[in-house]
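Inspection log for the structure reproduced underneath, given as C-alpha cells.
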Amino acid sequence: MDIPMSWLKEYANVTTDIKNFIEDITMTGSKVEGYTTMGGDIENVVTGKIKKIVKHPDADKLVITTVDIGKSTDLTIVTGATNLKEGDYVPVALDNSKLAGGVKIHSGNLRGVTSEGMLCSIQELGFDLHDFPEACENGIYVFPEAVELGKNVVDVLDLKDDVVEFEITSNRPDCFSVLGIAREAAATYQIPFQYPEITVQEKAGENASDYISVEIKNPELCPRYAARVVKNVKIEPSPRWLRKKLRAAGIRPINNIVDITNYVMIEMGQPMHAFDIDCIAERKIIVRNAKDGEQITTLDGNVRNLDSSMLVISDPQKAVAIAGVMGGENSKISENAEAILFESATFHGSNIRVTAKKLGLRTDASSKYEKGLDPNMAWDAVNRAAQLVEMLGAGEVVKGVVDCYPNKREKWTLNYSPEKINQLLGTDISEEQMQTIFEHIGLEVNRQNHSVTVPTFRPDLEAQADLAEEVARFYGYDKIEPTLAAGTPTVGKRNRGQIITAIVKQNMVSSGLCEAMTFSFESPKVFDKLNIATDSYLRKTVTISNPLGEDYSIMRTTTLNGILSSLATNYNRRNESAGLFEIGKVYLPKALPITELPDEISTLTIGMYGKIDFYDIKGIVERLFEVLGMSDKVDYITEKNITWMHPTRTASICINDKQFGYVGELHPQIATNYGIGTKVYLSVIDMPALIEYADLVKEYQPLPKFPSVTRDIAMVVKETVTVKEIEKVIQKHAGQYLESITLFDVYQGKQIEKGLKSVAYSITFRATDKTLVDQDVTEAMKEIVDSLSNELQAQLRDK
Amino acid sequence: MKQKLKEIHDRAIATLKEIGQMKELEEAKVKLLGKKGELTAVLKEMGKLSKEERPVIGQLANEVRQDIEQKLEEAKKRLLAAEQEIKLAAETIDVTMPGRKCTCGHKHPMSIVIDEISDIFIGMGYEIAEGPDVEKDYYNFEALNIPKDHPAKDEQDTFYINGDILLRTQTSPVQVRTMEKGKLPIRVVCPGTVYRSDEVDATHSPVFHQLEGLVVDKGITMGDLKGALAVFAKELFGKDVKVRFRPHHFPFTEPSAEMDVSCFACGGKGCRVCKGEGYIELLGCGMVHPKVLKMSGIDPEEYSGFAFGMGLERVAMQRYGITDLRLLFENDVKFLKQF
C-alpha cells in the first residue's frame, strides 16, 4: 500500500522527517517496505520564458530559442519541438541538470549551435497527460499561465511528495487506507487524529430512492449495499490537487468521476463503483449469485465466464458488474451520462478472493475486499464521494442514500485486566498508560469497568491478548525487558532416534561420503525408469492433487531416484567420482485411497561411482554396523530379486532373516536409464532398524595377558562355496581358544583348476588363562582342516 | 717409566683428535689399551719397579688409562654424531609437497545449520520434536487458528493430497502435536521439511526447511521470548549481533513479532544486503494465542507460552554466501565438498 505523506499529514500532523517516520511506524507495527520521493530525481530544472525563436541555420527540424530564466543573461537552447511560440513559459533543464529517471542534461553542440540546456516535455519530468491534461502530447510543456522565472519546476508544478510503501498484514484491513495508516501514525506519536468532516449538501433535491432500488439476494456474501445518485454529471479532468494525490498513491487519474471513486478507495479503504444509471434496467439493483455459465464483458473488454459461487451486481435482465472485482462494460459511464449511481458496498472477503482468483482478475478493488471490510465504512464512503462531487462541481447530488444493510454490525466490548496484560508481556505498564493507548487507536475506554468498546473497523480485537498486543506495540516492543524464563527447569537433549541418526551421519561423513538433499516428491515415471515391477507396493503412492507438474506429483516411495539423479548430475559434470548419502523419508500409504496419514519411514541411502567396487561400499556399511555395535547380528545374503540391482552382485542385509536393507551394484540397465556410463554402487538401509538394533552400550574387555598363536591355512574349494560358509565351519570346529579368523587371500587363476578357488585365512588362537602350547593349536587346526574337508570338500593347499 | 706413560698419553690424545672414522677409532683402541697394546706393555714392566715407585706409577698408569678411555668415548660420540648428520642430510625431502589425506566426506550445509541451531537450543533446555511431512489440515491450519477461509489456506500456497490431508506448509503443526501430548512444561524446537507451491528458481523452492520453537509453562512472558531469542541470535551470529523485535501478525500468536538481526554484511550501518535498513528479518515469533493453547487442551488462564519459526535456507545462504537456492538440491560434490 503506497501512502503519500502529504495526504497522510492531512489527518495526522507528523512533523518528524521521513527516515525517522519510517523507523517509528515500523516499530509500532506498520512495516515499511521502502519509500520514494516523487519528483526527487529532478534537479536544476527551472521556469523560463521564450523570448525569441529563430530557425536553425543548418537543420530544418530544429529551432534556436532564447530563454529568459530570470537571470542577467538569457540562454540559447536548441529544440526540435514545434508547439512553442514566443512568450511561452516552459520548464528549462539547465546545464548539469537531472530529469526523471536520473537522465543527465549537459550543454551540447547541436549542428554547430551550442545549446545551453534543454526545454522539457511533461514526460521528461516523469508525468503524462493524465496528470497534466493541459500538456502537449508531443512537445514541450507550456505553463498555462505566467510563472515567476528561474524557479524550481518541482515546486512550481508541485511535483514533490514522499510516498511510503507499507506491508499490511492480513489482520488489519483498515490499514489499507490513508486514514488507517494516519490513525496508526497518530497513535505512534500520540498526536491527534483528524477524521475528515463529511457533509453533503444534496442540492439536487428529489429522492435517491425514486431513482433506484436495491435488493440483496445473498446477505451473507453482501452484508451491505449503499448507493447515491448524482445527476447532471459533467465529466472532465479532476483538479490538479486530486490528480497529484492519486498519482502519488499509484493510481492513474482518468476523469473526475472515476478519480473520486479511487480517491475514496485510497483515503478510506472502501472500493467504490459508478454505474451509468440509464444502463440499469428498471433502475433496480439486484445483488445475487451468478448463474453457472453466465457471461459478462468486464470494463477491460474481456468476456468472463461466471459460475454460481460468484456474486454479481445485476439488474432484472443482466449482470452489470462482478461484485467487488470489476464493473461491466454494459453499465460503463459514457461521456454523456446524465445520472450516475455510486456504489459503496461490502462483500464477503474470501468469496471475492476466490472469484478474483478463478477469473484471474485481481483488481485494486478485489484486493481490498478480500481482506474483509467493515460494512459500517460504506456509509461514510458514499457520502465522501458525494461531497467530492459537490466540491469538484462534477454533478448534483440527489437527496438520500439507498442503503440496504440487513444485519448491522455493532461495536463490542472487551474487558481487560492490566495485571494480566503486564503478566503476559513481562512489563509494568500503568493502567492509565494502557487507556491512553486504547484511546489513540480509536477504542472507547470505560474506566469504571476496565473495559473498552471496539469499533467495527478493528475485527482483529477479539480478546485480551489482542489488547495486550496493542499495548505492547505503542508502549514499544523494544522497551520490554528481555528475561530468561525461570519456570520449571528442563533437560535439553536428543532422543535415541535423533542420536543414532546423528551417529549415522557422522559415520557416513568419516567414510568419505557427502550428504545429499533431494526433493521428497517426484514423477510417477521413476518406477519404469527404475524397472520396479508393475505390481510392486512401491507403485502405490501418496499423490498430490495440485502438484507443480507431473514431475513433482507423487510422494516418493523409494529414495533411489533422488540419489541416482544426483549421481547423474555429478557424472554429467565430469566429476571423476562421487559418493553421496542421504537420510530422507519415504512415504508409504496405509491404504488407497488415502484416508489416514501414510507411514513415513526414514531411510539411509548411499550411492557411489568412481574407482571403487562392491567391497568398498560394503566396507562402508560394515563399518557403520560396527560403530552402531550391531555387526554381530547382521547377515549378508545373496539377493537376486531386486529388479533394479545387479542380480549377482547384491546382498540383502538382514537381522534374524529379516531384511532391513541391501547393498550392491546398480543394474547396468538402470545406470543407463539415468545416463550414468559407469558402475554405480548403492546401499539402502531402513533407519528404524538401525535405531532398534544399535547397541551403544560399551563394555570393557580385559587386555590379553597371554600371547596368541597364529596359523595360516590355504584351501581350494568349489567357486560356489562362499566365504561365509567356510567361516561358519571354522568357527564351529576351532575349539575354545579361537580368537579371530582373517581372510587374506582369494585366488582363481593359473594354478587353480577351473570352477575352484583358493581361499586363505589367518587363524588366531589365544587362551585367557595360559600360554598355549603347540599341541593345543595343532589339535584345533586338525579339527578345522578335517571338517572343512568333510563339509565343504575343501583340499588343503601346499604352502 | 713415568716418561713412557706420559709419551703414550700425549700420543694417544693427539691420535684421537685426528681420527675421522669409526674403523680407525677401533684400531686405535686396540693399539692403546688392547692385550698387546702399548699401555699394557708398559704395565707389564711394573714388576721391575721398586716397592716405593710401584704405587706411584700404578696410580699414574691408571689415570692415563682412564683419561684415554674417556677420550676414546668422546671421539666415538663425535663420530656417531657426524655419521648421523650425514645420514639425515641424505634423507632430505621437499616439505612443500602436498600431504596425503584420507578422503573425508561433508555434511550438507543445511544439515550443518540445522544441527548448529538445534544444539544452541538443546543447550538452553529444549528437546527436539518431530512430526510428519504429510499432515492433517487440522494440525497445519485449524488448530493454529487459521480458519477455513484464511488466505494462507489458499490452494496456491498449499499442496493438497485430498481435502483433509496436505503437505505441511510450516513446522508449526509439530507445536500442536507436542501440546496435545499434554506433558508440561514444554521446551522444544522442531526442525523439518516444509512444502509450498512455489516454482523452483534462485530464491524459491517448493521444498524447504523451517525450524519451529515452542515454550509453554506457567508465567512465560514476552520478555522471556525476547530473552531466549536474543541468546539464540548471539550464539548463532556472534555476540556483537543486535536484535530488533517489530510487531507483526500471525494467526497463532498474540502478540506477534518479527525479529530482525543486525545485517551481517554491514553490521547495521545499512548496505545493499539489508537494503539500507541495517537489519535483516530472521524469524517470526509471538506469545502462543490463547485459542491455540485451548484447542490443544492447555488452559490459557494457567499456562502461557511463546513460539517462533524461521526459514533455514536463508540462514544457510547468508552464512555461506550462496546466491542460488537450487545448488542446495543439486548435490554436485564440487559444491558439497566446500562445507
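Throughout, a chain's letter reflects where its sequence line sits, starting with A, and its residues are numbered from 1. The structure presented is a predicted model; accordingly, all values stated were derived computationally and were not measured.
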> Non-hydrogen atoms of chain A under 4.5 Å away: do they reach the side chain of B:Phe250, the backbone, both or neither?
Replying inline: neither

>> Heavy-atom cut-off 4.5 Å, strictly under: side chain, backbone, both or neither for A:Lys31 against chain B?
In response: side chain

> Using a cut-off of under 4.5 Å for heavy-atom pairs, which of B:Lys218, B:His248, B:Glu277 has the most such pairs with chain A?
Replying inline: B:His248

> Is chain B contacted by the side chain of A:Thr427, its backbone, both, or neither, given a heavy-atom distance below 4.5 Å?
Replying inline: neither

> chain B heavy atoms under 4.5 Å from A:Leu548: which part of the residue, side chain, backbone, both or neither?
Replying inline: both

> Will you find, in the side chains of A:Thr490 and B:Arg187, an N or O donor that is under 3.5 Å from an N or O acceptor?
Replying inline: yes

> Cut-off 3.5 Å, side chains only: do A:Thr569 and B:Asp332 have a donor facing an acceptor?
Replying inline: no

> Which bit of A:Glu167 is near chain B, if near means a heavy-atom gap under 4.5 Å: side chain, backbone, both or neither?
Replying inline: side chain

> Does A:Arg573 come within less than 4.0 Å of B:Glu330, counting only side-chain N to carboxylate O?
Replying inline: yes

>> Need one label for A:Glu23: side chain, backbone, both or neither, based on atoms under 4.5 Å from any heavy atom in chain B.
In response: side chain

> By a 4.5 Å heavy-atom criterion (distance strictly below it), what part of A:Lys371 contacts chain B: side chain, backbone, both, or neither?
Replying inline: neither

> Does any heavy atom of chain B fall under 4.5 Å from the side chain of A:Ser577, the backbone, both, or neither of them?
Replying inline: backbone

>> Take a 6.0 Å sphere around CD of A:Glu220 and say whether it holds more than 12 heavy atoms from other residues, nucleotides or ligands.
In response: no

> Is it true that B:Glu127 and A:Arg494 have a side-chain N and a carboxylate O under 4.0 angstrom from each other?
Replying inline: no

>> Taking side chain as everything from C-beta outward and backbone as N, CA, C, O, which of these in A:Ser30 sits under 4.5 Å from a heavy atom of chain B? Side chain, backbone, both or neither.
In response: neither

> For A:Glu481, is it the side chain, the backbone, both or neither that has a heavy atom under 4.5 Å from a heavy atom of chain B?
Replying inline: backbone

> Any donor and acceptor pair, going by atom type alone, linking the side chain of A:Gln423 with main-chain N or O of B:Gly219 inside 3.5 Å?
Replying inline: no

